[in-house]
Amino acid sequence: MNSSVWYLAHVAPMSSVYAIRLYELLVQWRELGEREVQIGWLKEQFQVPNNYSRMYDFKRNVIDIAVDQINTYSDLTVSYTQRKVGRQVVALQFCRRR
């Protein structure tokens with residue numbers, strides 16, 4: 001199957017633009033198995049630097065929806081954990097499940 005057709009087959013059913021962008025990033029990191037990303041960098045990639053200042057809102061409205069759609073519609077199964085410094089979440093660790 002052509003790689004662009006393969007890609008479209010996985011992202012076409014996704015309704016979240018954040019799910020599509022996260023899927024693109026995860027595919028780039030596929031061989032690593034896991035990847036930690038800083039919250040600020042991830043917000044820039046999603047183009048939401050001024051939105052979702054509360055981590056709860058960012059996770060609920062962006063990350064959780066994106067991960068759910070990736071797990072439902074794509075060939076990847078992914079989960080994430082938070083890395084905190086004190087009480088502040090500074091990074092998310094994405095891990096591909098087998």
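Position 1 is the first residue of the sequence, and the numbers go up from there.
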**Study point:** Leu32 vs Arg35 side-chain heavy atoms within contact, under 4.5 Å
**Key:** yes
Check your understanding: Counting only heavy atoms not in Tyr52, do more than 12 fall under 6.0 Å of its OH?
Key -> yes
**Study point:** Beyond-backbone contact of Val37 with Trp29, side-chain heavy atoms, under 4.5 angstrom
**Key:** yes
**Study point:** Sidechain N-carboxylate O distance under 4.0 Å for Arg83, Glu36
**Key:** yes
Study note, to complete from the structure: In this structure, CD1 of Ile63 is separated from OG of Ser16 (nearest 0.5 Å) by 9.0 Å
Revision key, fill the gap. So CD of Gln82 and CE of Met55: to nearest 0.5 Å the spacing works out to 5.5 Å
Check your understanding: Does the side chain of Asn61 come under 3.5 Å of the side chain of Tyr56 through a donor N or O and an acceptor N or O?
Key -> no
**Study point:** Separation of Phe46 CZ from Arg21 CZ (nearest 0.5 Å)
**Key:** 8.0 Å
**Study point:** Between OG on residue Ser53 and CZ on residue Phe58, distance to nearest 0.5 Å
**Key:** 11.5 Å
Review point. Do Asp64 and Tyr80 have side chains that get closer than 4.5 Å, going by heavy atoms?
Key: yes
Check your understanding: Hey, what do you get for OG1 (Thr77) to CD1 (Ile70), rounding to the nearest 0.5 Å?
Key -> 10.5 Å
**Study point:** Criterion side chain to side chain contact (heavy atoms under 4.5 Å, CB included) on Ser74 and Met14, from CA distance to verdict
**Key:** CA-CA 9 Å; Ser74 81; Met14 296 180 188; 4.0 Å; yes
Check your understanding: Under 3.5 Å, side chain of Gln93 to main-chain N/O of Glu34, donor-acceptor pair present?
Key -> no
Check your understanding: Is Tyr18 close to Val48 at the side-chain level, that is, under 4.5 Å between some pair of heavy atoms?
Key -> yes
Practice item. Following the transitive rule for hydrophobic clusters with a side-chain heavy-atom cut-off under 4.5 Å over Ile, Leu, Val, Met, Phe, Trp and Tyr, establish whether Tyr23 and Ile65 coincide in one cluster. Key: no
